[in-house]
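Whatever order the structure lists them in is the order used to number ligands and atoms, beginning at 1. Each residue takes its place number in the sequence, starting with 1.
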Amino acid sequence: MSTGRESDWEGVRLHIVSGKGGTGKTTVAASLALALAADGHKVLLCEVEGRQGLARLFDVPQLPYQESRLATVPDGGEVYGLAIDAEAALLEYLELYYRLGRAGRALEKVGAIDFATTIAPGVRDVLLTGKVYEAVGRQGKPRARDRIVYDVVVLDAPPTGRIARFLNVNAGVADIARVGPIRHQADSIMALMRSPQTAVHLVTLLEEMPVQETSDGIAELREARIPIGSIVVNLARRSPLDPAGLRKAASGKLSRAQLVAALTSSGLACDAATVDGLLAEAAEHAVRVALEDTQRKRVAELGRPTYELSRLTDGVDLGGLYELAAELREQGMA
Ligand SMILES: Nc1ncnc2c1ncn2[C@@H]1O[C@H](COP(=O)(O)OP(=O)(O)O)[C@@H](O)[C@H]1O
Ligand SMILES: [Mg+2]
């Protein structure tokens, strides 16, 4: 049911969304999933941080370790959600490769699964990325075990501070296991992570710290040879004032008489206190816009395709996610 329009990321089958904590990774990942589904695609939206952020966002009960439908896009496709859990992924892996159905549960009882996923460094991330790889790799394979085949997978990923190590964890496995099935699996995952089928998008705000983290994250991903996608500027604001108005507001040179005239003609109060308050607010606004513009320039200097999402005034519910998805589609991200 393709509409024939091209997105900027044709050919990408694994979209990974990272960014500084709290900048809107989960929100952006969910909006991107809805935007991609609007082409009639079946999309899997995964989380790996054990926070049940997707269930909260889509207002559904806690997601089990099972793919369940989160949304059906009108005239489009579907978004499924999966909260990937390292313990469940390990049991599934043992079952799949060693047919350890009951034995696997016995291992769980004696705490071996907890041991493997919490004590051994990196094992968690190997399992989490392994599950993502499995979901992406279903396409083109016979429909084994009645699994849903997805056109594209979106991952609500760990924050920028950990993203390169997380995605690169299997390179370390490949160093340890020189041959055999584990080596083969690790190599296959790294091949996907470093292929043009993968794109890592970084969410930022127009503030110094998140922009710095975006810049650092790009450098680390580049070093790990993992393809960098776009930068998504979240909570972007556009000023109703033009550049000249902003300059005047910042330097306290907005015309008091004009403001009083405008208030009067709108039938609003224009006592001295109100006018002083409004002028002070305008000055603050202008200063903030100038700071944001400085950060916008730094983002542009990073040289990646950039999209902006506006701040939803009523918070982010399902309707809000559809609004953000539409913004992403208008700008060509999906
Ligand atoms: N575009 C937006 N407009 C309004 N609120 C937003 C927007 N994006 C994110 N938020 C809010 O900001 C908070 C953090 O977003 P979230 O997606 O959970 O960030 P992260 O996953 O990076 O921690 C949430 O309360 C979310 O509802
Ligand atoms: Mg989150």
- Item | Evaluation steps, side-chain hydrogen bond (donor to acceptor under 3.5 Å, both in side chains), between Asp156 and Thr26 | CA-CA 6 Å; Asp156 177 10; Thr26 303; 2.7 Å; yes
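Proximity of atom 12 (O) of ligand 1 to the protein is not indicated, since no non-hydrogen protein atom lies closer than 4.0 angstrom. Shown here, atom 4 (C) of ligand 1 is in close reach of the protein: a heavy atom of it lies under 4.0 Å off.
Here CD of Gln66 is found 7.0 Å from OG of Ser68. Values are rounded to the nearest 0.5 Å. Rounding to the nearest 0.5 Å places CG of Leu14 at 13.0 Å from CH2 of Trp9.
Taking every heavy atom of Asn234 and a limit of under 4.0 angstrom, the matching atoms of ligand 1 come to 1 (N), 2 (C), 7 (C), 8 (N), 9 (C). The distance from ligand 1 to the heavy atoms of Thr23 drops below 4.0 Å at these ligand atoms: 22 (O).
Distances from the Mg ion (ligand 2) show that Thr26 has an N/O/S atom below 2.8 Å.
Under a hydrophobic clustering in which Ile, Leu, Val, Met, Phe, Trp and Tyr are joined whenever their side-chain heavy atoms come within less than 4.5 Å, directly or via other members, Tyr307 and Leu155 fall into different clusters.
In this structure, atom 17 (O) of ligand 1 lies nearest to the protein heavy atom Thr27 OG1, 2.6 Å. Protein heavy atom in closest approach to atom 20 (P) of ligand 1: Lys25 N, 3.5 Å. When hydrogens are left out, the protein atom nearest atom 27 (O) of ligand 1 is Val316 CG2, 3.5 Å; that is the closest non-hydrogen contact.
Residues Val28 and Thr23 fail the side-chain proximity criterion, which asks for heavy atoms closer than 4.5 Å.
Arg296 and Glu301 are not joined by a salt bridge, as no carboxylate oxygen comes within less than 4.0 angstrom of a charged side-chain nitrogen.
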